[in-house]
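Reckoned from all heavy atoms, side chains included, excluding hydrogens, waters and symmetry mates. For clarity, every value in this text was computed on a predicted model and none was experimentally measured.
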Amino acid sequence: MRNFTYCVPTEIVFGKDTEVSCGREVKKHGGTKALIVYGGGSARRSGLLERIEKSLEEEGIAYAEFGGVKPNPGLAFAEEGVEKGIREKVDFIMGVGGGSAIDTAKAIAHGVANPGIPLWDIWMKKVPLTRTTKVGVVLTIPAAGSETSDSAVLTNEVIGKKSGLGTELNRPAFAIMNPELTFTLPKYQIGCGIADIMMHTLERYFIPDQENRMTDEIAEGLLRTVIDSGRKALQNPADYDAMSELMWCGSLSHNNLTGLGRAKDFSVHKLGHALSARFDCVHGATLTAVWGSWAEYVWTNDVNRFVHYAKQVWGIEGSGEETAREGIEKTVSYFKSIGMPVSLGE
């Protein structure tokens, strides 16, 4: 296996009612005034924001709010958040929601810590990023894994480009993960989340470097867990155990654990980002729409890898090209079964 350095400094606070510890966590990590970054009105209607506000108040943490994050978060909106954060003199950013809210919080954190530097210059690495503002997370959607990852994604609407920024400074200080907060998610959004979780591991699994048995075992176990728990969660979105598994798998799938000792490819993600930037499609759906075609294009380059995948993840017996193709077909069929598109036409 390749050399690697692995450190995930994010503190995980997992379980029922854990959002009430938000204020204590912010205080522990040195925050005195937080900017709460969130999406639509559901966070307010559900009472989640009120519980977070109360928790902050109990610990003497001042706060301001910045709502309205949309899927495929945009650069212009993040820049507005930077301006508000600087104006409010915050020293901590709270991302409340899924990957879009968390990625926006990360972007705002970088901008607040580097006033006067255009955010897109940071994103394109024209300006080295050497400092940021601490970020905490309350996760409500198991999908992107941004709550523990070193990455964040923004879309520059002016030039129509969606791009990721990878840096250890993207790691949140803490992530609060209460599976109960996912119970009201629409089934389509659950399906998109399942797809994103699977793809974060598949993109690390189908690459030339494979000499790491332990990493393979972790990746294959995670994929089997997501496949099974995903079915259960779609049958009953209020299944605490199923949603717990998805939420935890989402974090493990994108904190680099399932790719240790090997390179990354992420070709499918790059295709998906282009589709999202051009057509504003939901991220998870763009991945399933192209994965089958990608697999059909590359599988002959490493038949044995696809055979191994078919056996270990889908329990398919056999060897050779037929087994490899069956593993691809099983994956595409699963995407269909969870309501995801499997072609550009769809």
- Message: Counting neighbours of CD on Glu217 that are heavy atoms of other residues, nucleotides or ligands and sit closer than 6.0 Å, is the number greater than 12?
- Response: yes

- Item | Lys33 NZ: over 12 foreign heavy atoms closer than 6.0 Å |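 Yes, enclosed.
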
Using distance alone, with no hydrogens and no angle criterion, decide if [X] and [Y] have a side-chain donor and acceptor under 3.5 Å apart.
X	Y	result
Lys162	Asn156	no
Thr132	His110	yes
Tyr309	Trp314	yes
Asn212	Arg2	no
Glu147	His254	no
Asn170	Asp150	no
Tyr6	Asn255	yes

Look only at the side chain of [X] and the backbone of [Y], and say whether a donor-acceptor pair between them is shorter than 3.5 Å.
X	Y	value
Arg51	Asp17	no
Thr201	Thr258	no
Tyr240	Pro179	no
Arg224	Gln312	yes
Asn114	Arg131	yes
Asp103	Val153	yes

- Note on the structure: Under a side-chain separation threshold of 4.5 Å, the hydrophobic residues clustered together with Ile176 are Val13, Val26, Ile36, Tyr38, Leu48, Leu49, Ile52, Leu56, Ile61, Tyr63, Phe92, Met94, Val96, Val138, Phe174, Leu181

- Task: Step by step, work out the side-chain contact (heavy atoms from CB on, under 4.5 Å) result for Met124 and Lys161.
- Result: CA-CA 11 Å; Met124 294 293 100; Lys161 181 175 181 178; 4.0 Å; yes

- Message: Return the CD1 to OG1 distance between Ile227 and Thr225, rounded to the nearest 0.5 Å.
- Response: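 Answer for the CD1-OG1 pair, Ile227 versus Thr225, is 9.0 Å.
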
- Item | Salt-bridge contact Glu57-Lys54 (side-chain N to carboxylate O under 4.0 Å) | no

- Message: Looking at Tyr205, I'd like to know if the NZ or CZ of Arg305 sits under 6.0 Å from its six-membered ring centre while staying within 45 degrees of the ring's axis.
- Response: yes

- Worked check of side-chain contact (heavy atoms from CB on, under 4.5 Å) between Val8 and Leu257: CA-CA 9 Å; Val8 181; Leu257 180 64; over 6 Å; no

